[in-house]
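Encoded as structure tokens, the structure appears first; notes follow it.
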Amino acid sequence: MERSEKLILVVSGTLMGVFLLLLVYSGLGLGVVVPTCITDVRPFTQGRVEQRGPRQYDVYLVSRMWFFDPGEIRLPPGSEVNLYLSALDVTHGAYIEGTNVNLMAVPGSVNFARFRLEGEGVYRVLCHEYCGLGHQNMAGKIIITREAAAAPGAELVAGAR
Amino acid sequence: MQQGSFAVDRTHRWAALALVIVATTLLVLGIYHGLLQVLYRAGWIRAASFLGLEYYQGLTLHGVVNAIVYTTFFEVAFGYVVVKHFLRIPLDSRITVLAVAMMLVGTVMAAVPILAGKASVLYTFYPPLKASPWFYVGASLLVVGSWIPFFQWIAAYLQWRRLHPDQDTPLAVVGILSTFTVWLIATIPLAVEVLVLLLPWSLGWTASVDVVLARTLFWFFGHPLVYFWLLPAYVMYYVMVPPLVGGKLFSDKAARLAFLLFIVFSAPVGLHHQYADPGVSSSYKWLHGFFTFCVAIPSFITAFTVAASLEHGARQNGGRGLFGWWAKLPYFDEQRYLFAYAFPGLVLFLFGGITGIVNASVTMNNVVHNTAWIPGHFHTTLGGPVFLAFLGLSLWMLTELGGKPLRLTRWNVAVPYVWAIGVVLFSIGLSVAGILGEPRRTNMALSYSNPDSPLFQPQWEIWTKLGAVGGILMAAAMVIYFAVFFATLFAPAQPVREIRFPTAEALRYESLGVARNFTPWVVVAVIFLVIAYVPPLIEVLGGSTVPSPPYQPFSPVPVGQ
Ligand code: HEM
Ligand SMILES: [Cu+2]
Ligand SMILES: [Cu+2]
């Protein structure tokens, strides 16, 4: 091997090594995670929101042709959300605008992400996997608003469509 | 003339030509809908369908024709040319005819249901969306048909090794055999998915299918697939490009090592397409992420070796200085047009490689998964070096095998550059929009790009329009290309000579050691595959997924209820 070839191997190997270390840091240090296999929650067909504690919510989101159930979720600022995502019919996806939450919704299986929404506003939930003819219209909303703080329970969910 | 050479072997000449001509003709459809997609996504066609072709039906065509049919046809044709030219071992014509016939029949069987609107499931055909059974049968025939040539070539290769025990295998042959080794590894899980899970289910023989398992098998196929696409382009870069620039291949051994490393690392990585999936443990995803970083290394080797070979050639032609030699490359040489089809692809691949590393980066993938960023990325890889190499080499095969003089030679050298400029604009548009959250695989004309829709996203607009401008340029390049191709095809034939295959000499030959044989590399590949795939497959087969009945794209009610 030529000197220059050895050099390029060392340089590119080191580069990938550094990238890998940064990646591990993003996971272990910054807590950015990817979904894993969960078996404690079985696939569900009805969407709902449950309050677990102060500003802690479990959201059970069903994706189906061609809407999310619940379609609109109201939560107070700073809410920590445990999102359970299922698919009723075909494969869908859920990307929550302005966050790193980006999940596949796969029929027969349940996906999970934990995240916190701070600022007031509307966070759209977009379906990003082709799920049939109505796919381009499939989007839900999470509305972060102070008013939600006063109204826990059933009123968290407005209009299942 | 020599035994086994092309000029005397009509069957193989015609087999290769038929594949290239049919593939290029089908490509017209694939490109047409590529153009329509950018127009829809920019909101310039505001409809669910255009001239009878629905968006997702057309997107299925675009993916299947461009990424599966065109590539496979081309590669089998090119493989025959390489193997016959370099090994000169006669192949059984009847088997070749059978293989080509299977591929053609399979393609027709898959294309008819797509065109009839009975298989709008995209090229990934994720269940529980169900296509017509013909679609699965056709796809299987195409794949199995493409295995047959590989088995012919392996037999020819073994015979050649016996006849030439002291010679190194020609580099192009190493490249092609590596390509198809990767293809065979990739398509076994695909065959299992299609024949065991999907076909019986689409026929109604089984009621339901495990979607997580099907996805895992599909992506077991899906990543090595991309190296099946890439490696023939590397054959062109290593073997054909150095003599075109008047130089030599910088290192013969580095080139061989790159091919062999792809055999090892191209497959244990498929879970990087499933980082966002449920049902698979994140530790397995991290392992595949690690292997994906390893597979970047042979591409780094290639970038270095090819650039060094270009520099060597340019300096032979009087290039001076640190950068001055760049001026000595034959960018617009009409005779050496294969260089024009190689160079812009190399530049695009710089972008493709970097964006690919982003995708591979387990946690960062959260930002880009299934957004427009992804097509933005792979039109600089598949649509960059791979596609340009295949376009150039198809013309080359047409002229060499068909005895046709190249027509519109001036226009021809413009094609790759117009295409590359188009791809850059296209990819910037899609990538930025993707980071802003724009989804892929979506007819945005009806929602996100429609000011009358509650879902309208004004902040994406400028980027979808930039992407469309790029897409229009890409389509324009292809209009020129088709003109060149068909003008050449219909030009009067001249007597066919022995083909001229630009073949690099190496600047240095080193003793090859373990790089002389495929076996050790295939063994290591299998070991890595077992490590990477047995644990997740056990997990997936563990039955935690509830199986799904079939659905069709137009109805939320399962088929048969
Ligand atoms: C005029 C040239 C082309 C244009 C304008 C174009 C445009 C596009 C666009 C906009 C998408 C994304 C559509 C969506 O996700 O909704 C796409 C997807 C795709 N393109 Fe192209 N493309 C072109 C050529 C090619 C070529 C030459 C290839 C391969 C050789 C290719 C392979 C693909 C594949 C595999 C997909 C993914 C399909 C899917 O998500 O199911 N494209 N193309
Ligand atoms: Cu959906
Ligand atoms: Cu991949």
Side-chain angles (χ1 to χ4, degrees), chain A residues 1-2 4-5 8-9 11-13 15-17 19-20 22-24 26-27 30 32-39 42-43 64-66 85-91 93 95 97-98 100-112 124 126-133 135-137 139, chain B residues 48 56 122 126 128-129 210-212 215 251 254 274-282 285-286 289-290 293-294 296-297 300-301 304 308 357 361-367 369-371 437 439-444 446-448 455 508 510 539 544-548 551-556 558:
Chain A
M1 243 196 300
E2 274 239 325
S4 56
E5 286 181 305
I8 191 71
L9 270 183
V11 169
S12 54
L15 190 69
M16 294 315 289
F19 283 173
L20 194 68
L22 289 171
L23 200 59
V24 171
S26 76
L30 301 176
V32 187
V33 295
V34 290
T36 191
C37 179
I38 60 167
T39 45
R42 299 303 300 154
R64 48 190 299 187
M65 292 159 120
W66 290 284
L85 179 68
S86 80
L88 187 70
D89 33 52
V90 299
T91 310
Y95 169 72
E97 259 182 326
N100 285 338
V101 181
N102 189 338
L103 301 172
M104 294 306 300
V106 177
S109 189
V110 176
N111 212 339
F112 174 79
R124 254 190 277 224
L126 307 181
C127 175
H128 61 50
E129 183 56 84
Y130 168 62
C131 55
L133 290 188
H135 162 59
Q136 63 283 336
N137 290 312
Chain B
Y56 300 105
L122 309 192
Y126 293 143
L129 277 177
D210 182 327
V211 179
V212 175
R215 292 173 67 80
S251 163
Q274 293 172 273
Y275 287 151
D277 272 24
V280 182
S281 289
S282 56
K285 296 174 179 173
W286 277 94
F290 170 74
F293 274 35
C294 297
I297 299 293
F300 277 119
I301 296 179
F304 175 82
I357 292 174
S361 301
V362 192
T363 53
M364 221 186 321
N365 177 70
N366 282 344
V367 180
H369 173 76
N370 259 4
T371 67
R440 69 183 283 200
R441 303 186 137 177
T442 303
N443 180 0
M444 306 208 314
L446 300 178
S447 53
Y448 304 117
L455 293 179
R508 282 169 304 121
E510 291 155 88
E539 177 176 69
S544 67
T545 312
V546 181
S548 295
Y551 287 84
Q552 287 186 317
F554 46 80
S555 165

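All chains are named by letter (A, B, ...) in the order of the sequence lines, taking the proteins before the strands, and each is independently numbered beginning at 1.
Looking at heavy atoms from C-beta onward, A:Ser12 lies in side-chain contact with B:Ile297 at the 4.5 angstrom threshold. A 4.5 Å side-chain heavy-atom check between A:Gln136 and B:Leu455 finds every atom pair outside the cut-off.
With a threshold of 4.5 angstrom between heavy atoms, B:Gln552 approaches chain A through N, CA, C or O but not through any side-chain atom. For a residue to count as touching a neighbouring chain, one of its non-hydrogen atoms must lie under 4.5 Å from one of that chain's; by this rule A:Leu9 touches chain B with the side chain only. With a 4.5 angstrom heavy-atom cutoff, A:Arg64 does not touch chain B via any of its atoms. For A:Phe19, the parts lying under 4.5 angstrom from a heavy atom of chain B are both the backbone and the side chain. At a 4.5 Å heavy-atom cutoff, the contact between A:Val110 and chain B is made by backbone atoms alone. Contacts between A:Pro43 and chain B at a heavy-atom distance below 4.5 Å involve the side chain alone, from C-beta outward. For a residue to count as touching a neighbouring chain, one of its non-hydrogen atoms must lie under 4.5 Å from one of that chain's; by this rule B:Val280 touches chain A with the backbone only. With a 4.5 Å cut-off on non-hydrogen atoms, A:Leu15 touches chain B through its side chain but not through its backbone. Proximity to chain A (any heavy atom under 4.5 Å) is restricted, for B:Tyr126, to the side chain, taken from C-beta onward. Heavy atoms closer than 4.5 Å to chain B are found in both the backbone and the side chain of A:Val24. For B:Phe304, the part lying near chain A is the side chain, with the backbone staying farther off; criterion is any non-hydrogen pair under 4.5 Å. Using a 4.5 Å cut-off between heavy atoms, A:Ile8 touches chain B through its side chain atoms alone.
How far CD of A:Glu5 is from CD of B:Glu510: 6.5 Å, rounded to the nearest 0.5 Å. Atoms CG and CZ, from A:Leu23 and B:Phe293 in turn, are 5.0 Å apart once rounded to the nearest 0.5 Å. We find the CG-OH distance between A:Leu103 and B:Tyr275 to be 15.5 Å, quoted to the nearest 0.5 Å. A distance of 9.0 Å separates CG in B:Leu129 from CD in A:Glu129, rounded to the nearest 0.5 Å.
The minimum heavy-atom distance linking B:Pro278 with A:Ser109 is given by the pair CB-OG, 3.5 Å. The two residues A:Met65 and B:Pro556 make their nearest non-hydrogen contact at SD-CA, 3.4 Å.
For the pair A:His135 (side chain) and B:Arg441 (backbone), a donor-acceptor distance under 3.5 Å is present. When atom types are taken as modelled, the side chain of B:Asn443 and the backbone of A:Leu133 share no donor-acceptor pair closer than 3.5 angstrom. The backbone N or O of A:Gly27 lies less than 3.5 Å from no partner atom in the side chain of B:Thr363, so there is not a single donor-acceptor pair. Side chain of B:Asp277 to backbone of A:Val106: no donor-acceptor contact under 3.5 angstrom is found. With hydrogens and angles disregarded, no donor-acceptor distance shorter than 3.5 Å links the side chain of B:Arg440 to the backbone of A:Tyr130. Between the side chain of B:Ser282 and the backbone N or O of A:Thr36 there is no donor-acceptor pair closer than 3.5 Å.
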Walk me through it: do B:Asn366 and A:Val34 pass the test side-chain contact (heavy atoms from CB on, under 4.5 Å)? CA-CA 8 Å; B:Asn366 282 344; A:Val34 290; 4.1 Å; yes

Worked verdict on B:Val211 versus A:Val90 for side-chain contact (heavy atoms from CB on, under 4.5 Å): CA-CA 9 Å; B:Val211 179; A:Val90 299; over 6 Å; no

When you look at B:Asn370 and A:Met104, which way does the side-chain contact (heavy atoms from CB on, under 4.5 Å) test go after all the steps? CA-CA 9 Å; B:Asn370 259 4; A:Met104 294 306 300; 3.6 Å; yes

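Interface remark: of the candidates B:His369, B:Met364, B:Met444, B:His369 forms the most heavy-atom pairs closer than 4.5 Å to chain A. Comparing A:Glu2, A:Glu97, A:Arg42 by heavy-atom pairs within less than 4.5 Å of chain B, the highest count is held by A:Glu2. With chain A as the partner, the residue from B:Ile357, B:Thr371, B:Asn365, B:Ile301 showing the most heavy-atom pairs under 4.5 Å is B:Ile357. Contacts with chain B were tallied for A:Leu20, A:Leu30, A:Leu88; A:Leu20 has the most, counting heavy-atom pairs under 4.5 Å. For the set B:Ser361, B:Pro439, B:Gly289, B:Ser555, the count of heavy-atom pairs under 4.5 angstrom toward chain A peaks at B:Ser361. By number of non-hydrogen pairs under 4.5 angstrom with chain B, the leading residue of A:Asn102, A:Asn137, A:Val33, A:Leu126 is A:Asn102. Comparing A:Cys131, A:Ser4, A:Cys127 by how many heavy-atom pairs each has under 4.5 Å with chain B, the most go to A:Ser4. For the set B:Phe300, B:Tyr551, B:Phe554, B:Tyr56, the count of heavy-atom pairs under 4.5 angstrom toward chain A peaks at B:Tyr56. Options B:Asp210, B:Val212, B:Thr545, B:Val367 differ in how many heavy-atom pairs under 4.5 Å they form with chain A, and the most are formed by B:Thr545.
Heavy atoms from other residues, nucleotides or ligands lying under 6.0 Å from CZ of B:Phe290 number 12 at most.
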